[in-house]
Peer 1: 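The structure under discussion is supplied below as C-alpha cells; questions concerning it will follow.
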Amino acid sequence: MEVSIYNTMSRSIEPFIPLEKGKVGMYCCGPTVYNYAHIGNLRTYIFEDLLHRILTYSGYDLTHVMNITDVGHLSDDGDEGEDKMERRSRESGMSVYDIAEMYTKSFFTDTSALNIITPDVTCRATAHIGEMIGLIRRLEKNGHTYISGGNVYFSIDTFPAYGRMARLKLDQLSSGARIEVDENKRNPKDFVLWFTKGKFENQTMKWDSPWGVGYPGWHLECSAMSMKYLGESFDIHCGGIDHVSVHHTNEIAQSEAATGKEWVKYWVHGEFLIDETGKMSKSKGDFLTISLLKEKGYDALDYRYFCLTGHYRSQLIFSWDALSAARSGRTNLKKQVASLIQETGGKKTEISSDAAQAVLDEFNGHITTDLHVPQALAVLWKLMKDKDITSGEKLSLIEMMDSIFALDLLKEEKKESEPIPQEILDLVQKRAEAKKARDFALADSLRDEIGEKGYTVKDTKDGAEIFRNM
RNA sequence: GGUGCCGUACCCAAGUGGUAAGGGACAGGUCUGCAAAACCUCCAUGCAUCGGUUCGAAUCCGAUCGGCACCUCCA
C-alpha cells in the first residue's frame with residue numbers, strides 16, 4: 001500500500017518511496033534515562049509506534065532502531081553543562097549505571113503498558129563509544145573539527161548546508177541571549193563532539209580517546225548508532241518537534257559532513273502534549289507519569305486512545321477531563337465489541353460485502369495519508385453503528401483496525417473477581433425480598449446502605465449485579 | 001531580535017477551496033417501581049475579529065486581538 005508522510009525537510013506531505021524497495025530503515029530518538037518518562041514524552045513514542053504499525057501494515061519490511069541515551073546529555077550547553085546522568089547520580093547516591101538501568105526498565109514498562117512495539121534494535125550510547133570515536137575521526141580527517149579548550153568541536157562553518165532543515169538564519173540568531181557564549185567556540189553554533197574539559201571532576205563515565213580521556217557529545221550518538229544499524233543513508237528519522245533546530249540540525253551536519261551523502265530521506269516530527277499552562281517539562285515541578293494515571297484509575301490504554309484522537313503534528317491539550325472522556329470512549333468501544341463477540345461467539349467473517357470493503361478502504365486511506373489516525377478512529381465508530389455490515393465482518397474489520405490502534409479492543413477484560421463480603425450479599429438479598437414485596441422505600445434505603453459500604457447494585461433481567469466501587 | 005505554530009460547540013478534537021468527522025458531557029425518549037445499563041434521538045447556518053480574493057472560504061491573502069513553542073536542556 002502506498003504511504004504518504006509529512007517531511008519536515010520539505011515542509012510538505014510526500015509520497016513515501018523507500019531507498020530499497022519494500023524495506024524501511026527508521027531511527028527514532030529514544031529517552032535519556034535519568035528520570036521517569038512523563039506522558040508528554042510518551043506521546044512521541046505512541047506516534048512513532050503508529051508509524052511503525054502503519055508501515056508494517058502497508059507491507060514494508062521495517063527495521064526500527066531506537067537509542068537509549070545514558071551518557072553525554074548535558075543539562076546545559078557550554079562549559080557549564082553537567083551530564084544529566086551524573087547529576088542524577090550525585091543527587092541520588094546511586095551509580096550512573098544503576099540509574100540508567102532503573103529508568104530504562106521503567107521506560108519499557110511504560111511503553112509496554114501503552115502497547116508500543118519495542119523497536120527491532122534498542123542501543124545504548126555507552127555501548128557505542130568506539131563508533132562515536134570513529135565518526136569524530138572521519139570528521140577530523142575531512143577538516144570539520146577543531147580542538148579548543150580541551151574539547152573537540154564541530155565547526156559549522158565547514159558545512160554550508162548547516163541549519164537547512166530548521167531553516168535557521170544564522171546571522172540573525174541572537175546567540176548568547178539566553179546563555180553564556182562558550183569562549184572556546186569559533187562560531188556560537190558549533191557543538192562539542194568530545195569533552196575532555198567541563199564540569200568534569202565527578203564524571204564517572206569516561207573513556208580513552210585520541211583526544212584524551214573524556215566522553216562524547218550528545219548529538220554524536222544518534223549519528224553513530226543509526227549508521228551502524230541502518231547504513232550511511234536510510235529512510236526515516238523521527239523525534240520530537242523540539243529537536244528540529246538543535247539536535248537534528250547537528251546530527252545532520254556531522255553525519256553528512258562525515259559521509260558526504262544525504263543521510264536521511266524523511267524527517268518526521270511529533271508535536272507536544274501541553275496543558276493549560278503550556279508545555280510539559282520535567283523541570284516544571286511535578287510531571288505526569290503512567291503510574292500516576294494508573295493510581296487515579298486510568299488504564300495506560302486510555303491515554304493511548306486520548307493520543308489517537310489528535311493528529312501527531314498538532315499540539316494536544318491534556319486535562320483530566322479530556323482523559324476521562326477518552327476513558328469513557330474506549331470503555332464504550334470495548335463494550336460494543338464485547339457484545340459483538342458474544343453475539344457471534346467470536347467468529348470472524350471474511351470481508352465480502354461492498355459496505356465492509358468500503359469501510360476498509362476508507363480506513364486504509366486515512367492511515368496511509370500522513371497518519372490521519374483521528375479520522376481512522378471516526379471510521380471505526382461509524383462501523384460500530386453500521387446496520388448493513390454483519391457482526392462477523394465487523395469483527396474482522398475491528399481486528400485489522402486494532403492492529404494499528406492497539407487498544408486491545410478484542411481482548412476480554414479480566415475482572416478481578418474479589419469475593420463479595422457476606423454482609424453485602426445479605427443486604428442484596430434483603431433488598432431483593434423488599435422489591436418482591438414491592439416495598440420500594442426499603443429497597444432504596446438498602447441500596448443506599450450498600451452504596452455506603454462501597455458497593456453498587458444494578459438490576460438486570462437475570463437479577464442483581466454487584467460491583468465494588470472504584 | 002529571528003523562526004514557526006495555534007485560536008472550530010460545555011470539554012477534547014478532525015477537517016487546508018465545495019457547504020462543519022468522531023468521542024465525552026448535557027438534554028429528551030424507549031425500557032425499568034426508581035436508579036443503573038443498553039438502545040434511539042437531539043446537540044456549531046457556525047469555525048477569534050475585521051476586511052479582501054472567489055460562483056463558493058474554517059480552509060487562500062492582509063490586518064488586528066489572544067495564546068504557545070523554538071533559537072539553552074527537553075518528546
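Chain letters run A, B, ... following the sequence lines, proteins first and then strands; every chain starts at 1. On a predicted model such as this, the values are computed, not experimentally measured, just so you know.
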Peer 1: Return the nearest nucleotide to the side chain of A/A325; candidates are B/U72, B/A21, B/G24.
Peer 2: B/G24
Peer 1: Can you identify which nucleotide, out of B/C39, B/G22, B/A35, has its nearest atom closest to the A/Q336 side chain?
Peer 2: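 So the nucleotide nearest the side chain must be B/C39.
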Peer 1: A/L446 CG to B/G33 P: how many Å, rounded?
Peer 2: 18 Å
Peer 1: Given B/A75, B/G33, B/G23, which nucleotide is nearest the side-chain atoms of A/F440?
Peer 2: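 Shortest atom-to-atom distance from the side chain points to B/G33.
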Peer 1: Counting heavy atoms from C-beta on, name the nucleotide in B/G22, B/C70, B/C11 closest to the side chain of A/S319.
Peer 2: B/C11
Peer 1: Between A/R431 and A/Y312, name the one whose nearest nucleotide on RNA chain B is closer to the 5' end.
Peer 2: A/Y312
Peer 1: Roughly how far apart, to the nearest Å, are B/C60 and B/U8 at atom P?
Peer 2: 16 Å
Peer 1: For A/L323 and B/C11, give me the distance from atom CG to atom C1', rounded to whole Å.
Peer 2: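 Atom CG in A/L323 sits about 13 Å away from atom C1' in B/C11.
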Peer 1: Is B/A20 paired to anything, Watson-Crick or G-U wobble with both distances less than 3.5 Å, and if yes, which nucleotide?
Peer 2: none
Peer 1: How long is the line joining CD of A/Q375 and P of B/G23, in whole Å?
Peer 2: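 The answer, rounded to whole Å, is 14 Å.
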Peer 1: Is the A/H243 ring parallel, tilted or perpendicular to the A/H248 ring (thresholds 30°, 60°)?
Peer 2: tilted
Peer 1: Below 30° counts as parallel, above 60° as perpendicular, anything between as tilted: where do the rings of A/F363 and A/Y57 land?
Peer 2: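 Ring orientation of A/F363 relative to A/Y57: perpendicular.
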Peer 1: Return the nucleotide paired to B/A9: Watson-Crick means purine N1 to pyrimidine N3 with N6-O4 or O6-N4, wobble means G-U with N1-O2 and O6-N3, both under 3.5 Å.
Peer 2: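 Base-paired to nothing in any strand shown.
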Peer 1: Can any side-chain N or O of A/R124 pair as donor or acceptor with the backbone N or O of A/V71 at less than 3.5 Å?
Peer 2: no
Peer 1: For B/G46, give its Watson-Crick or G-U wobble partner with both distances under 3.5 Å, or none.
Peer 2: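 Result: none.
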Peer 1: Does a side-chain N or O of A/K385 approach OP1 or OP2 of B/A21 to a distance below 4.0 Å, or not?
Peer 2: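 Looking at the OP1 and OP2 atoms of B/A21, neither is under 4.0 Å from any side-chain N or O of A/K385.
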Peer 1: Please tell me if A/S314 has a side-chain N or O lying less than 4.0 Å from either OP1 or OP2 of B/A14.
Peer 2: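 Checking B/A14 against A/S314, a side-chain N or O does come within under 4.0 Å of OP1 or OP2.
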Peer 1: Quickly work out the A/H269 NE2 to B/A69 C1' distance and round it to whole Å.
Peer 2: 14 Å
Peer 1: Could you measure between the two C1' atoms, the one in B/A44 and the one in B/C26, and give it in whole Å?
Peer 2: 15 Å
Peer 1: For RNA chain B, whose closest nucleotide is more 5', that of A/D444 or that of A/G240?
Peer 2: A/D444
Peer 1: Under 3.5 Å, is there any donor-acceptor pair linking the side chain of A/T44 to the base of B/A75?
Peer 2: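 Such a pair is found, so the answer is yes.
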Peer 1: Using a 4.0 Å heavy-atom cut-off, does A/H311 contact any base of the nucleic acid, only the sugar-phosphate backbone, or nothing at all?
Peer 2: sugar-phosphate
Peer 1: State which of B/A75, B/C73, B/A69 makes the closest approach to the side chain of A/V246.
Peer 2: B/C73
Peer 1: Reckon A/L377 touches a base, only the sugar-phosphate, or nothing at all at heavy-atom distances under 4.0 Å?
Peer 2: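 Result for A/L377 = nothing.
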Peer 1: Could you tell me whether A/Y305 contacts a base, only the sugar-phosphate backbone, or nothing, with contacts defined as non-hydrogen atoms closer than 4.0 Å?
Peer 2: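 The answer is sugar-phosphate, as A/Y305 gets under 4.0 Å only of primed atoms, P, OP1 or OP2.
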Peer 1: Report the base-pairing partner of B/U30 (Watson-Crick or G-U wobble, both distances below 3.5 angstrom), or none.
Peer 2: B/A38
Peer 1: Under a 3.5 Å cut-off for both distances, is B/C70 Watson-Crick or wobble paired, and to whom?
Peer 2: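 Answer to the pairing question: B/G2, which forms a Watson-Crick or G-U pair with B/C70.
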Peer 1: Answer with base, sugar-phosphate or nothing: what part of the nucleic acid does A/R327 contact at a heavy-atom distance below 4.0 Å?
Peer 2: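 Answer is nothing: A/R327 stays at 4.0 Å or more from every strand.
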Peer 1: Among B/C73, B/C12, B/A14, which is the nearest nucleotide to the side chain of A/A322?
Peer 2: B/C12
Peer 1: If every non-hydrogen atom of A/S92 is compared with every non-hydrogen atom of A/I99, which pair is closest and at what distance?
Peer 2: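 Heavy-atom minimum between the residues: OG-CD1, 3.6 Å.
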Peer 1: Touch check for A/F318, heavy atoms < 4.0 angstrom, all strands: base, sugar-phosphate only, or nothing?
Peer 2: nothing
Peer 1: With respect to the phosphate group of B/G15, does any side-chain polar atom (N or O) of A/H372 fall under 4.0 Å of OP1 or OP2?
Peer 2: yes
Peer 1: In whole angstrom, give me the gap between the C1' atoms of B/G23 and B/G66.
Peer 2: 28 Å
Peer 1: Between B/A69 atom C1' and A/I274 atom CD1, what is the distance in whole Å?
Peer 2: 9 Å
Peer 1: Touch check for A/L316, heavy atoms < 4.0 angstrom, all strands: base, sugar-phosphate only, or nothing?
Peer 2: sugar-phosphate
Peer 1: With a 4.0 Å cut-off on N to O distance, would you call A/R53 and A/D49 a salt bridge?
Peer 2: yes
Peer 1: In whole Å, what is the span from the NE2 atom of A/H366 to the P atom of B/A13?
Peer 2: 19 Å
Peer 1: Touch check for A/G40, heavy atoms < 4.0 angstrom, all strands: base, sugar-phosphate only, or nothing?
Peer 2: base
Peer 1: Would you measure the distance from the C1' atom in B/A38 across to the matching atom in B/G46 and give it in whole Å?
Peer 2: 33 Å
Peer 1: Taking the six-membered ring for Trp, does A/W381 stack with B/G22 (centroid gap under 5.5 Å, planes within less than 30°)?
Peer 2: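 Stack criterion not met.
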Peer 1: Looking only at heavy atoms, what is the nearest atom pair of A/K385 and A/K394, with distance?
Peer 2: C-NZ, 4.5 Å
Peer 1: Determine the interatomic distance between P on B/A13 and the same-named atom on B/A48; round to the nearest Å.
Peer 2: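 To the nearest whole Å, 14 Å.
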Peer 1: What is the pairing partner of B/A14, taking Watson-Crick or G-U wobble pairs with both distances under 3.5 Å in any strand?
Peer 2: none
Peer 1: In whole Å, measure the gap between the P atoms of B/U64 and B/G28 for me.
Peer 2: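 Going atom to atom, P in each nucleotide, I get 47 Å.
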Peer 1: Could you tell me how the ring of A/H247 sits relative to the ring of A/H219: parallel (under 30°), tilted (30 to 60°) or perpendicular (over 60°)?
Peer 2: tilted
Peer 1: For the residue pair A/F306 and A/Y303, categorise the inter-ring angle as parallel (less than 30°), tilted (30 to 60°) or perpendicular (more than 60°).
Peer 2: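 Ring orientation of A/F306 relative to A/Y303: tilted.
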Peer 1: Between A/M384 (CE) and B/G24 (P), how many Å, whole number?
Peer 2: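 Going from CE in A/M384 over to P in B/G24 covers 12 Å.
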Peer 1: Partner of B/C60 by Watson-Crick or G-U wobble geometry, both contacts under 3.5 Å, or none?
Peer 2: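 B/G52 - that is the nucleotide pairing with B/C60, both distances being under 3.5 Å.
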Peer 1: Any donor-acceptor pair under 3.5 Å joining the side chain of A/N332 to the base of B/G24?
Peer 2: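 Answer is no: no donor-acceptor pair is held.
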Peer 1: Side chain of A/K435 only, please: which of B/C73, B/C34, B/G23 is the nearest?
Peer 2: B/C34
Peer 1: Just say parallel, tilted or perpendicular for the rings of A/Y36 and A/Y103, cut-offs at 30° and 60°.
Peer 2: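 Rings of A/Y36 and A/Y103: perpendicular, over 60°.
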Peer 1: Within the pair A/K335 and B/A38, is there a side-chain N or O less than 4.0 Å away from OP1 or OP2?
Peer 2: yes
Peer 1: Roughly how many Å apart are B/A36 and B/C70, using the P atom of each and rounding to a whole number?
Peer 2: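 Approximately 46 Å lies between the P atom of B/C70 and that of B/A36.
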Peer 1: How close or far is atom P of B/G23 from atom CG of A/L409, stated in whole angstroms?
Peer 2: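 It works out to 14 Å between those atoms.
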Peer 1: Roughly how many Å apart are B/U45 and B/G24, using the P atom of each and rounding to a whole number?
Peer 2: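 Here B/G24 and B/U45 have their P atoms 22 Å from each other.
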